[in-house]
Undergrad: 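There's a structure below that I have some questions on.
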Amino acid sequence: IPIGPNSPGVPFMTSQSAADAQAVGLQRVLMWPLEEIIAGVSLVVVVGSVVWGVITRYIFPQPAAWSYEVATIAFAYVVFFGAAAGVRYRLHSDIDVLVVMFPERLQRAVSIFNFWLLATFFTALTIFFGIHAIDAQKSLTIALNLPRSVIYAPLALASAMMLLRHVQLWVDPERFPGHIHEANIS
């Protein structure tokens, strides 16, 4: 049975359709709520670690020395990945009391300035935490003896996700339908 564009029941993929399929796959991955999943799991780890630390401190003769360290690291993940989710769903407040009184052109200029200011900030955070993750590879945490890059590398990822979500929403404000809850304070 020949396989080709005219074969019955066999899809034939051209290089263009393969590229389109990869683009669709990438779009699907970029829509995943990864920041929410990581922040949610981290919050469960924080609660579980603190509860275990309290239980071992008051019930067992030897408290779990690692519970505070795990809770601290997981809390940093909750904060930064939660902030990335806030960028995704536009939950960070826009205080535009003065800006709404400006003419349309000046409002647009302020909007563009804010976009580039935040994009620069998220890029700087990503670079800062990336450099710290590389530098901290040699330094170990006290209780778990993990490289401190375990702390900084995910924060670099979360900052990069803030930048990605910020750009995605600038390009297409309706990218995350049903989830846009602007927190404007006018």
Side-chain angles (χ1 to χ4, degrees), residues 25-97 114 117-170 175-186:
L26 179 62
Q27 287 295 324
R28 208 175 292 151
V29 167
L30 290 177
M31 291 296 288
W32 287 350
L34 185 61
E35 54 272 268
E36 293 172 59
I37 294 167
I38 294 173
V41 169
S42 298
L43 186 59
V44 170
V45 169
V46 168
V47 171
S49 177
V50 169
V51 167
W52 182 251
V54 169
I55 289 171
T56 59
R57 179 170 304 226
Y58 292 107
I59 295 177
F60 298 112
Q62 180 68 30
W66 54 266
S67 66
Y68 173 76
E69 196 168 282
V70 168
T72 303
I73 293 169
F75 186 72
Y77 293 2
V78 169
V79 168
F80 276 84
F81 285 99
V87 171
R88 175 186 176 124
Y89 297 124
R90 300 182 71 171
L91 294 173
H92 298 286
S93 61
D94 300 329
I95 302 173
D96 58 357
V97 175
N114 286 344
L117 181 67
L118 286 172
T120 302
F121 177 69
F122 297 145
T123 302
L125 276 179
T126 303
I127 293 167
F128 175 77
F129 286 128
I131 290 170
H132 271 42
I134 293 166
D135 289 344
Q137 184 65 31
K138 299 175 190 111
S139 177
L140 301 177
T141 61
I142 295 170
L144 297 173
N145 285 330
L146 295 172
R148 288 192 182 270
S149 58
V150 168
I151 300 168
Y152 295 113
L155 301 186
L157 174 64
S159 300
M161 290 182 79
M162 286 184 230
L163 176 62
L164 171 70
R165 299 310 187 191
H166 181 63
V167 171
Q168 283 178 322
L169 284 170
W170 181 263
R175 175 170 289 281
F176 305 108
H179 296 292
I180 296 176
H181 308 291
E182 289 190 44
N184 287 332
I185 300 172
S186 297

Undergrad: If I compare all heavy atoms of P63 with all of P61, which pair ends up nearest, and what's the gap?
TA: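 Shortest heavy-atom contact: CD-O, 3.7 Å.
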
Undergrad: Parallel, tilted or perpendicular: which fits the ring planes of F80 and F129, with parallel below 30° and perpendicular above 60°?
TA: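 Ring orientation of F80 relative to F129: perpendicular.
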
Undergrad: Using modelled atom types and a 3.5 Å cut-off, is there a donor and acceptor pairing between side-chain atoms of S49 and backbone atoms of S67?
TA: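 Yes.
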
Undergrad: Tell me, yes or no, whether the heavy-atom count around W170 atom CH2, taken from other residues, nucleotides or ligands under 6.0 Å, exceeds 12.
TA: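 Yes, CH2 of W170 has more than 12 neighbouring heavy atoms, counting only those of other groups under 6.0 Å.
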
Undergrad: Any idea which heavy atoms bring A74 and V46 closest together, and the distance?
TA: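 Nearest heavy atoms, A74 then V46: CB-CG2, 3.4 Å.
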
Undergrad: Looking at OG1 of T141 and CG of L146, how far apart are the two atoms once the value is rounded to the nearest 0.5 Å?
TA: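 Between atom OG1 of T141 and atom CG of L146 there are 4.5 Å.
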
Undergrad: So which heavy atom on S149 is nearest to which on Q137, and how close?
TA: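 Closest pair (atom of S149, atom of Q137, distance): OG-OE1, 2.6 Å.
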
Undergrad: Quick check: do F81 and L157 have side-chain heavy atoms less than 4.5 Å from each other?
TA: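 Yes, their side chains come closer than 4.5 Å.
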
Undergrad: Kindly compute the distance separating CH2 (W32) from CD1 (I37), expressed to the nearest 0.5 Å.
TA: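 Taking CH2 in W32 and CD1 in I37, the distance rounds to 8.5 Å.
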
Undergrad: Which heavy atom of A133 sits nearest a heavy atom of A153, and at what distance?
TA: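 Minimum heavy-atom separation between A133 and A153: CB-N, 3.6 Å.
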
Undergrad: As an exercise, state the distance from OG1 of T126 to CE of M162, rounded to the nearest 0.5 Å.
TA: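 T126 OG1 to M162 CE: 7.5 Å, rounded to 0.5 Å.
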
Undergrad: Counting distance only, does the side-chain N/O of E35 pair as donor-acceptor with the main-chain N or O of M161 below 3.5 Å?
TA: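 Checking the backbone N and O of M161 against the side chain of E35, no donor-acceptor pair under 3.5 Å is found.
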
Undergrad: On a heavy-atom basis, which atom in V87 and which in R165 lie closest, and how many Å separate them?
TA: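 Smallest interatomic distance, heavy atoms only, reads CG1-CB, 3.8 Å.
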
Undergrad: Do Y77 and I151 come within less than 4.5 Å of each other through their side chains, counting heavy atoms only?
TA: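 When only atoms from C-beta onward are counted, I151 and Y77 do not touch, as no gap falls below 4.5 Å.
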
Undergrad: If you round to the nearest 0.5 Å, how far is CZ of F122 from CG of L125?
TA: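 Reported to 0.5 Å precision, the distance equals 7.5 Å.
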
Undergrad: Could you check if a side-chain atom of Q62 sits within less than 4.5 angstrom of a side-chain atom of T56, using non-hydrogen atoms only?
TA: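 Not touching, per the 4.5 Å side-chain cut-off.
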
Undergrad: Taking CD1 in I142 as the centre, count heavy atoms belonging to other residues, nucleotides or ligands within less than 6.0 Å. Is the count above 12?
TA: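 At most 12 heavy atoms, drawn from other residues, nucleotides or ligands, come within 6.0 Å of this atom.
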
Undergrad: For the CZ atom of F121 and the CG atom of N114, what is their distance to the nearest 0.5 Å?
TA: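 Reported value, rounded in 0.5 Å steps: 13.5 Å.
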
Undergrad: Identify the heavy atoms of A65 and A143 that sit nearest to each other, and give their distance.
TA: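 Heavy-atom minimum between the residues: O-CB, 3.8 Å.
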
Undergrad: With under 30° as parallel and over 60° as perpendicular, where do the rings of F128 and H132 fit, or are they tilted in between?
TA: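 It falls in the tilted class, 30° to 60°.
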
Undergrad: Would you mind reporting whether E36 and Y89 have side-chain heavy atoms less than 4.5 Å apart?
TA: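 They are in side-chain contact.
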
Undergrad: Once you round to the nearest 0.5 Å, how far does CH2 of W52 lie from CZ of F60?
TA: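 If we round to the nearest 0.5 Å, W52:CH2 and F60:CZ are 4.5 Å apart.
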
